[in-house]
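Below: the structure, in structure tokens.
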Protein chains: 2
Amino acid sequence: MMFFGEFEYKIDEKGRVPIPPRFRKALREGLVLAPGIEKCIIAYPLDEWKKLADTLTTGPVTPSKLRRLNRATFAAAFSISLDGQGRIALPISLKQHAEIVDEVIIAGANNYLELWNKVHWESEKAISQEQAWQIIESLERH
Amino acid sequence: MMFFGEFEYKIDEKGRVPIPPRFRKALREGLVLAPGIEKCIIAYPLDEWKKLADTLTTGPVTPSKLRRLNRATFAAAFSISLDGQGRIALPISLKQHAEIVDEVIIAGANNYLELWNKVHWESEKAISQEQAWQIIESLERH
DNA sequence: CCATATTTCGCCACAATTCCCCACTTTCTA
DNA sequence: TAGAAAGTGGGGAATTGTGGCGAAATATGG
């Protein structure tokens, strides 16, 4: 499954967000929410999450660092599933991390989704586009 | 499939554009719309898009740039399919990017299509032709 | 251990949008 | 000139966003 596009939703008073319908089938079996490095929430489908977890645990790191890495990765993550209407409830800690209040942007990013505060998304989008075009042009040079 | 030629269409009140009949077979399985670097919309057949996505995600870039590249590439793209009449619906954000209102130019560009505002197309075409002739002449010099 | 209060979760309902199908008119072709 | 194909427009059904109600689960205090 490839995740595309940009969608805007409101959060209802109970903190639930609709998932874009076209993604629901791919996420029926569950998803994992984790804080992004930027101010956003990342939503992985279950299989993508497993892949990611594998690469983390098999990476070339010392055991003590691995334990810390595990903690940081798994303690902050949430296993979530869609409700009957195709919505998910956002954990408060993640909402705070992404500074999401009552409007969300859901953006596809190839093999995962990102959830953003609308304002932050707009500025991030501008930066991303600028960088991307530079990279693409440099790639096209050969 | 190689895309050739230049076609002009009207957009109906629901934002739908006909795809030139000769291209429909190649796009039956779906296409991806993305904003162009210039003020236009680019339409990739599904397999071409996959190739592009591969070169982007396996390219020689650092993780943080890779995330941004993912964002810019996938969030701005839309997965679309033809309706029974061989038309597609243009997402509003892309229409705004290309400043397309009610007339479209669809131009073949080798392995993808470009959708243009008619006025912008005319001026871009003039520039492109001028540059193309210069390039061709420089090629012929050896 | 029970009862009350509070939160969480699933379900329903309405309004709006989207999607799909049908029809007409024009153009191209044989 | 007749038939087929394609451009254009419109209507109806299905889907979806969003708010709200009520039941189940959890927590708290007696």
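Numbered from 1 within each chain, the chains take letters A, B, ... in sequence-line order. Below, all heavy atoms of this structure are taken into account, side chains as well, without hydrogens, waters or symmetry copies.
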When you look at A/I80 and A/V32, which way does the side-chain contact (heavy atoms from CB on, under 4.5 Å) test go after all the steps?
CA-CA 6 Å; A/I80 302 280; A/V32 174; over 6 Å; no

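- Of the options A/Q131, A/E124, A/K125, a side-chain hydrogen bond (donor to acceptor under 3.5 Å, both in side chains) to A/S128 is made by A/E124 and by none of the others.
- Connection of A/V17 to A/L94 is established within a shared hydrophobic cluster, with ILVMFWY side chains joined at heavy-atom distances below 4.5 Å, either directly or through further cluster members.
- A/N70 contributes no side-chain N or O that, together with a main-chain N or O of A/T73, makes up a donor-acceptor pair within less than 3.5 Å.
- Spacing between atom OH of A/Y9 and atom P of D/dT16 amounts to 9 Å, rounded to whole angstrom units.
- A/I42 and A/L31 fall into different hydrophobic clusters, where Ile, Leu, Val, Met, Phe, Trp and Tyr are joined by side-chain heavy atoms under 4.5 Å apart, directly or via other members.
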Which pairs, protein N/O on one side and nucleotides 26-30 of chain C N/O on the other, fall under 3.5 Å?
none

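- From one end of the helix from C/dC1-D/dG30 to C/dA30-D/dT1 to the other, with five pairs defining each end axis, the axis direction shifts by 30° (rounded to 10°).
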Table of protein N/O atoms under 3.5 Å from nucleotides 21-24 of chain C N/O atoms:
from, atom 1, to, atom 2, distance (Å)
C/dC21, N4, B/R87, NH2, 3.3
C/dC22, N4, B/Q85, OE1, 3.4
C/dC22, N4, B/Q85, NE2, 2.9

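- With rounding to whole Å, A/F7 atom CZ is found 13 Å from D/dT18 atom P.
- Spacing between atom CD of A/E13 and atom P of D/dG17 amounts to 18 Å, rounded to whole angstrom units.
- In this structure a side-chain-to-backbone donor-acceptor pair under 3.5 Å is missing from B/D47 to B/K50.
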Evaluate the criterion side-chain contact (heavy atoms from CB on, under 4.5 Å) for residue pair A/M2 and B/W49; output intermediate values, then yes/no. CA-CA 11 Å; A/M2 289 175 111; B/W49 172 258; 4.0 Å; yes

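- Using a 4.5 Å cut-off on side-chain heavy atoms (C-beta onward), A/Q96 and A/P91 make no contact.
- Counting non-hydrogen atoms of other residues, nucleotides and ligands closer than 6.0 Å to CZ of A/R68 gives a total of 12 or fewer.
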Filtered N/O pairs between nucleotides 12-15 of chain D and protein, under 3.5 Å:
none

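- Rounded to whole angstrom, the span from the CD1 atom of A/I106 across to the C1' atom of D/dT16 amounts to 13 Å.
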- Message: Using side-chain hydrogen bond (donor to acceptor under 3.5 Å, both in side chains), reason through A/E6 and A/W121 one step at a time and then give a plain yes or no.
- Response: CA-CA 10 Å; A/E6 179 185 334; A/W121 169 250; 3.0 Å; yes

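- For A/F7 and A/F23, the distance between ring centers is under 6.0 angstrom.
- Using modelled atom types, no side-chain atom of A/D102 and backbone atom of A/I11 make a donor-acceptor pair closer than 3.5 Å.
- D/dA6 atom P lies 13 Å from atom CD1 of B/I19, rounded to whole Å.
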Please tabulate the protein-to-nucleotide N/O contacts below 3.5 Å involving nucleotides 25-28 of chain D, giving atom names and distances.
none

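- In this structure, CD1 of B/I92 is placed 11 Å from C1' of C/dT18, rounded to the nearest angstrom.
- Taking atom CD1 of A/I80 as the reference point, atom P of C/dC9 lies 9 Å away to the nearest angstrom.
- Under the 4.5 Å side-chain contact rule for hydrophobic residues, A/I88 and A/V104 share a cluster.
- Using a 4.0 Å heavy-atom cutoff across all strands shown, B/R24 reaches sugar-phosphate atoms only and no base atom.
- Near DNA chain D, meaning a heavy atom under 4.0 Å away, there are no residues from residues 96-105 of chain B.
- Under a 3.5 Å cut-off, the side chain of A/H97 and the backbone N or O of A/G36 do form a donor-acceptor pair.
- No donor-acceptor pair closer than 3.5 Å links the side chain of B/R16 to the backbone N or O of B/L90.
- Under the 3.5 Å distance criterion, the side-chain polar atoms of B/N117 are matched with a main-chain donor or acceptor of B/E99.
- When the shell of 6.0 Å around CD of B/E8 is examined, it contains more than 12 heavy atoms from other residues, nucleotides or ligands.
- Atom NZ of B/K65 has 12 or fewer neighbouring heavy atoms from other residues, nucleotides or ligands inside a 6.0 Å radius.
- A donor-acceptor pair under 3.5 Å is formed between the side chain of B/R24 and the backbone N or O of B/I19.
- The nearest whole Å value for the distance from the CG atom in A/L90 to the P atom in C/dC9 is 12 Å.
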